[in-house]
There are 2 protein chains.
Amino acid sequence: MERSAEDHLKILLRTRGLRFTPDRLRIFRALADAGKPVSVPVLISMVAEDGVNQATVYRTLEQFLAVAVVQTVLLHDGVVGYELIPPFSSHHHHFICLDCGAVQDLPAGRVDTALDKSLEGTGVRVMGHKVDIYGQCEKCHAESP
Amino acid sequence: MERSAEDHLKILLRTRGLRFTPDRLRIFRALADAGKPVSVPVLISMVAEDGVNQATVYRTLEQFLAVAVVQTVLLHDGVVGYELIPPFSSHHHHFICLDCGAVQDLPAGRVDTALDKSLEGTGVRVMGHKVDIYGQCEKCHAESP
DNA sequence: TCGTTATTGCGATTTTATTGCAAGAACAAG
DNA sequence: CTTGTTCTTGCAATAAAATCGCAATAACGA
């Protein structure tokens with residue numbers, strides 16, 4: 001029998017002394033459904049229908065960050081978005097359109113290898129990284145080249 | 001005669017129909033003095049001594065973003081920082097310590113080359129990128145390995 | 001020097017984020 | 001299944017951050 005992402009979340013939370021509650025699951029699902037980074041206000045409105053309180057969203061995100069269920073991503077204009085990270089989503093980078101703000105995932109592959117090499121011998125202990133590419137997406141480029 | 005960064009700012013602003021004012025210069029200098037990304041609240045308090053109003057800081061940052069004088073950077077825990085970008089500062093990436101939040105610059109070099117290659121043929125029009133590395137800085141690694 | 005037009009300060013408002021505490025719920029143990 | 005401990009949640013107040021309109025001021029091209 002296979003272990004679902006939600007089972008994994010359950011185990012992860014309990015391991016860290018946190019409880020697996022309906023609200024947390026709703027927030028987790030909202031992030032999974034979005035499939036891209038979402039801002040806090042957006043996330044709040046997504047789960048508001050399910051009766052999840054605003055304060056609960058803030059507190060949950062803080063904990064999800066602490067136990068590495070989510071990470072923050074910088075969208076256009078300094079807006080912060082939250083998204084699931086491995087193993088709840090695939091490892092990837094972002095392409096963010098400066099015109100429309102759309103975010104598309106980029107496979108990690110070659111970039112990661114290059115990154116690892118360029119950090120050899122720096123003395124720091126790398127625990128993760130983010131690579132964000134900015135520009136014009138195909139659609140916007142077609143509309144206003 | 002050489003052209004200073006402030007002269008360059010002056011020209012850039014005027015080219016874009018913006019004015020070179022004392023307040024904007026103060027904000028620019030505060031960012032230059034900081035030498036690292038600063039959050040809006042911090043920046044506000046830095047220039048408050050010089051009599052620059054809060055609203056002015058927000059408005060100026062918005063414009064500095066628009067004309068590419070600054071860029072936003074994601075610090076630990078979803079905090080957004082602002083910093084000068086080339087040609088007002090050197091092109092670099094960041095290493096952000098997850099323990100103490102310290103930010104140190106990393107030379108761009110090899111990473112950029114690898115990035116360019118990995119985006120060939122994707123159809124997007126790249127206008128810039130950010131690479132942020134997270135982990136433990138040497139100091140924190142020594143204290144709690 | 002002057003006129004046009006961007007910029008600023010101020011104060012009010014709105015939005016976003018945080019907090020304390022009592023009631024309720026998760027879950028490990030018996 | 002029942003119970004007790006401890007984490008979670010809702011609520012509503014509060015704090016903090018960000019936005020806005022408008023009148024006064026200042027930049028700067030002519």
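The sequence lines fix the lettering, A, B, ..., with proteins before strands; numbering per chain opens at 1.
Between A:Y58 atom OH and D:dC11 atom C1' the separation is 16 Å, expressed in whole Å. Across the protein-nucleic acid pair, B:R26 atom CZ and C:dT7 atom C1' stand 13 Å apart, rounded to whole Å. One can place CG of A:L25 at 12 Å from P of C:dA26, the figure rounded to the nearest angstrom. Taking atom CG of B:N53 as the reference point, atom C1' of D:dT25 lies 14 Å away to the nearest angstrom. B:L61 places its CG atom 12 Å from the P atom of C:dT8, with the value rounded to the nearest Å. Rounding to whole angstrom units, CD of residue A:E62 and C1' of D:dC7 are separated by 15 Å. In this structure, B:Q54 places its CD atom 10 Å from C1' of D:dT19, rounding to the nearest Å. Separating the NZ atom of B:K10 from the P atom of C:dA6 is a distance of 19 Å, rounded to the nearest angstrom.
OP1 or OP2 of D:dT9 has at least one side-chain nitrogen or oxygen of A:R24 nearer than 4.0 Å.
The backbone N or O of A:R19 sits less than 3.5 Å from a side-chain atom of A:R24, completing a donor-acceptor pair. Although no hydrogens or angles enter the test, the distance criterion places no donor-acceptor pair under 3.5 Å between the side chain of A:D50 and the main chain of A:V52.
For the segment residues 12-22 of chain B, the set of residues with a heavy atom within less than 4.0 Å of an atom of DNA chain D comprises B:R14, B:R19, B:F20, B:P22, in numerical order. For DNA chain D, the neighbouring residues in residues 28-49 of chain B, judged by any heavy atom under 4.0 Å, are B:V40, B:P41.
Residue B:R59 is in base contact, counting any heavy-atom pair closer than 4.0 Å across all strands shown. Heavy atoms of B:Q63 sit under 4.0 angstrom from primed sugar atoms or phosphate atoms, though from no base atom. Nucleic acid contact class of A:G51 (heavy atoms, under 4.0 Å, all strands): sugar-phosphate only.
Of the inter-residue distances, the one linking A:R26 atom CZ with A:E49 atom CD reads 11.5 Å to the nearest 0.5 angstrom. The structure places CD of A:Q54 at 11.5 Å from CG of A:L43, a figure rounded to the nearest 0.5 Å. Between atom NZ of residue A:K36 and atom CD of residue A:E83 there is a gap of 12.0 Å, rounded to the nearest 0.5 Å.
With a 6.0 Å radius and a threshold of 12 heavy atoms from other residues, nucleotides or ligands, A:E6 has its CD atom above the threshold.
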task: Go through the steps to decide whether A:Q63 and A:R16 satisfy the test side chain to side chain donor-acceptor pair (under 3.5 Å), and finish with yes or no.
output: CA-CA 10 Å; A:Q63 288 164 323; A:R16 303 291 294 264; over 6 Å; no
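Results of the side chain to side chain contact (heavy atoms under 4.5 Å, CB included) test with B:P37 over B:L75, B:L74, B:V70 single out B:L75 as the only residue that passes.
The listed nucleotides are D:dG10, C:dA17, C:dT8; the one nearest the side chain of A:D23 is D:dG10.
Using the six-membered ring where Trp is involved, B:F64 and B:F28 have ring planes that are perpendicular, over 60° apart on the 30 and 60° scheme.
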